[in-house]
Visitor: 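Provided herewith is a single structure, encoded as structure tokens, for subsequent inquiry.
A note on names: the letters A, B, ... follow the listed sequences, proteins ahead of strands, and every chain is numbered from 1. Computation of the quantities below employed the complete heavy-atom set of this structure, encompassing side-chain atoms and omitting hydrogens, waters and symmetry-equivalent molecules.
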Amino acid sequence: MTPLTHIRSRTVVLPTRDIDTDQIIPARFLTSTSKEGFGEKLFHDLRYDTDGNPIEDFVINTVAATECRVLVAGNNFGCGSSREHAPWALTDFGFQAVISTEIADIFRNNSLKNGLLPIVVDEQIHDWLLSHPGADVEIDVAHSTLTFDNGRQVTYPIDAFARYCLLEGIDQLGFLQQHSDAIVEFERRYE
Amino acid sequence: MPTLFENVWNQHVVVAETANTPAVLYIDLHLIHEVTTPQAFSLLRSLNLSVRRTDRTLATMDHSTPTTPVSSFKDLAVVGESAVKQITVMEQNCADFGIELHGFNSAHRGIVHVIGPELGATQPGKTIVCGDSHTSTHGAFGALAFGIGTTEVGHVLATQCLLQRKPKTLGVDITGALPPGVFAKDVILALIGEIGVDGGTGHVIEYRGDTIAAMDMDERMTVCNMSIEAGARAGMIAPDDTTYQYLHGRPKVPKGADWDAAVTRWRTLPGDDSARFDRHVTIDAAQLKPKVTFGTNPGMVIGIDEAVPQANDTSEQKALDYMQLSAGQAMSEAPVDVVFVGSCTNSRLSDLELAADILRGRKVAPGVRMLVVPGSQQIKKDAEARGLDQVFAAAGAEWRESGCSMCLGMNGDTVASGKLSVSTSNRNFEGRQGIGARTVLASPATAAASAITGHVADPRPFLRDDV
Ligand code: SF4
């Protein structure tokens with residue numbers, strides 16, 4: 001995984017609440033056996049009409065969106081299934097951070113393992129972001145800060161270990177493997 | 001006194017969590033299926049790793065498997081080239097890494113969350129994970145069971161462990177006798193309606209109270225299954241004699257003296273009255289009515305005889321527009337195109353019996369397509385031994401092989417765009433059952449009543465005395 005230290009980008013705003021993983025990536029695209037290529041299927045049924053043509057006014061289809069690294073979404077983003085294809089689709093499209101007032105547990109876990117930073121902000125900040133699509137934001141991962149172009153800065157909560165892994169681009173499997181003696185010892189006691 | 005969850009958690013901590021590092025948690029049982037594992041096996045291959053505990057890993061194929069009736073499994077036609085490849089890759093991975101797979105030819109094939117309990121692999125006090133959010137189902141046995149992503153599937157395959165932060169606990173007390181026509185599905189829909197689809201985020205739910213104690217294991221599984229729809233990490237129910245009776249004699253449970261020892265151990269798992277939860281909710285089950293969803297998430301729930309409520313914001317209005325419903329309209333006015341009885345929520349024998357009881361001697365309304373998909377091949381066999389397939393066929397419903405089917409429409413069983421489906425599954429998300437499909441979640445009884453009348457229907461007038 002590539003280390004993620006700084007993100008500077010305009011935002012894309014999808015204000016809908018409870019955007020579930022079926023909307024992020026519909027189930028019929030889950031038959032792939034690789035992690036690649038999900039970006040073009042991101043938000044597929046919201047993004048394309050039934051003939052497969054892009055719906056022009058859907059925000060993800062705008063030219064500006066393709067440059068954006070930060071997605072601002074309505075409350076409870078990523079609810080539903082455990083499919084890791086959801087963060088794969090978001091990162092493949094180019095997103096590096098998702099901001100909402102709440103982010104579903106399994107989706108948040110999966111995102112952190114794929115270099116996608118889930119950021120939870122309070123309602124006031126969220127309202128501001130929702131009403132300022134395309135706002136310039138800067139994220140400093142080491143300090144867990146989100147800074148707006150008007151100079152306002154907020155810190156967001158993040159698990160210390162998850163932050164460390166993002167900053168260093170560390171794959172958590174290596175960390176688990178370091179505990180192999182403890183695992184052997186546990187199994188000896190337990191079984 | 002710790003809660004049930006804390007007891008199970010504490011018994012599986014390999015390395016304790018600190019401010020800077022999560023806990024290393026040992027996993028007793030890893031269930032795997034074709035959709036969320038290929039990339040994890042690729043990782044293992046690229047790192048030259050083996051599966052640490054094949055004896056703690058159990059595989060099936062359910063999500064993209066066809067359910068059309070066939071005389072031989074060789075005739076099963078998997079839809080789409082990539083799905084065929086995915087299934088082949090699964091077979092190869094299980095063969096190469098030495099994992100027990102209940103594939104097409106296995107008499108035990110079925111939905112992963114149905115066969116775990118059926119085989120007795122699901123047991124009290126176990127930690128159980130699967131690359132699937134409805135792993136919460138297994139919590140009905142007093143296991144700590146939760147869904148994980150594909151990266152974590154790789155972690156468990158390689159190390160039999162997961163990195164986890166300890167979640168918070170939410171106690172849900174459900175008391176009172178269920179009124180006629182109200183079932184486990186209505187109880188869990190009522191709870192999600194009450195606390196919302198994010199009401200359980202960051203928490204493990206423990207369901208308690210006399211309503212839960214009176215439920216059989218099928219009903220408890222229905223309740224725990226939908227914990228994830230409230231955003232919860234897991235749902236658990238303390239094991240009791242009902243649990244032990246269900247498990248006794250199943251293929252993967254301990255035998256003889258080992259069984260007695262296991263039961264003695266399991267009896268120490270539940271917390272007592274002094275167990276403290278971070279949060280607490282109560283539900284009066286005696287006041288419940290049959291429930292249906294009217295929107296595009298499982299928290300948009302009303303009583304069957306209630307009118308569609310006003311939208312409070314644009315997201316809710318968007319949901320109503322998608323569902324082609326308007327505020328003030330009675331749900332019973334909504335004409336039904338498809339009825340689906342199945343999924344890991346409601347595809348067990350008692351669910352099928354419930355639907356069959358209502359359908360017996362009646363007909364599916366003209367123009368309605370009804371699909372009944374048992375949760376496993378074993379359930380299919382048991383149902384056929386009871387003649388349920390005949391009841392469904394006589395009523396004009398389709399009787400299928402087991403699988404996920406129309407729950408997520410990956411195998412070709414889909415609801416056409418704009419059509420309304422009354423479904424016993426767990427998600428009414430936009431497009432879940434097919435592009436543009438409109439889903440109303442309900443109990444098997446409500447689904448069967450809707451099939452007969454051709455509109456979303458209250459099951460109560462159709463109940464037989466013995467139901
Ligand atoms: S039946 Fe539906 S919810 Fe259950 S495992 Fe299959 S797809 Fe998932």
Visitor: Checking heavy atoms, do the side chain of Val153(B), its backbone, both or neither come under 4.5 Å from chain A?
Guide: neither
Visitor: Out of Ser180(A), Ala160(A), Gly80(A), which one racks up the most heavy-atom pairs below 4.5 Å with chain B?
Guide: Gly80(A)
Visitor: Could you tell me whether the side chain of Glu152(B) reaches within less than 4.5 Å of the side chain of Gln172(A), counting heavy atoms only?
Guide: no
Visitor: Do other residues, nucleotides or ligands put more than 12 heavy atoms under 6.0 Å from the CG atom of Asp51(A)?
Guide: yes
Visitor: Is there a side-chain contact (heavy atoms from CB on, under 4.5 Å) between Ser133(B) and Ile106(A) once you walk through the steps?
Guide: CA-CA 8 Å; Ser133(B) 59; Ile106(A) 308 180; 4.0 Å; yes
Visitor: For Thr16(A) and Lys318(B), which heavy atoms make the closest approach, and how far apart are they?
Guide: CG2-NZ, 3.8 Å
Visitor: Distance-only, no hydrogens or angles: does the Glu430(B) side chain make a donor-acceptor pair with backbone N or O of Asp20(A) under 3.5 Å?
Guide: no
Visitor: Where is the tightest heavy-atom contact between Tyr190(A) and His12(B), given as atom of each residue plus distance?
Guide: OH-NE2, 2.8 Å
Visitor: Apply salt bridge (charged side-chain N to carboxylate O under 4.0 Å, His left out) to Arg108(A) and list each qualifying residue two or more places apart in sequence or on a separate chain.
Guide: Asp105(A)
Visitor: Give the C-alpha distance, both sets of side-chain angles, the deciding distance and a yes or no for side-chain contact (heavy atoms from CB on, under 4.5 Å) between Val197(B) and Asn76(A).
Guide: CA-CA 8 Å; Val197(B) 286; Asn76(A) 195 31; 3.5 Å; yes
Visitor: When you measure from the side chain of Glu84(A) to the backbone N and O of Thr151(B), does any donor-acceptor pair fall under 3.5 Å?
Guide: yes
Visitor: Using non-hydrogen atoms only, which part of Asp28(B) is less than 4.5 Å away from chain A: side chain, backbone, both, or neither?
Guide: side chain
Visitor: Can you see whether Gln39(B) engages Thr33(A) through a side-chain donor-acceptor pair at a distance of less than 3.5 angstrom?
Guide: no
Visitor: By a 4.5 Å heavy-atom criterion (distance strictly below it), what part of Glu36(A) contacts chain B: side chain, backbone, both, or neither?
Guide: neither
Visitor: Counting only N and O atoms by type, is there a donor-acceptor contact under 3.5 Å from the side chain of Arg432(B) to the main-chain atoms of Asp22(A)?
Guide: no
Visitor: Over all heavy atoms of both residues, which pair between His155(B) and Leu173(A) is shortest? Give the atoms and the distance, please.
Guide: NE2-N, 3.5 Å
Visitor: When heavy-atom pairs shorter than 4.5 Å are enumerated against chain A, which of Phe146(B), Phe41(B), Tyr26(B) gives the highest number?
Guide: Tyr26(B)
Visitor: Would you call Arg56(B)-Glu187(A) a salt bridge at under 4.0 Å N-O?
Guide: no
Visitor: Do Phe161(A) and Leu163(B) have side chains that approach each other closer than 4.5 Å (heavy atoms only, starting at C-beta)?
Guide: yes
Visitor: What's the shortest heavy-atom distance between Ser315(B) and Pro15(A), and which atoms?
Guide: OG-O, 4.4 Å
Visitor: I need the residue from Arg53(B), Gln160(B), Met90(B) with the largest number of non-hydrogen atom pairs under 4.5 Å to chain A.
Guide: Arg53(B)
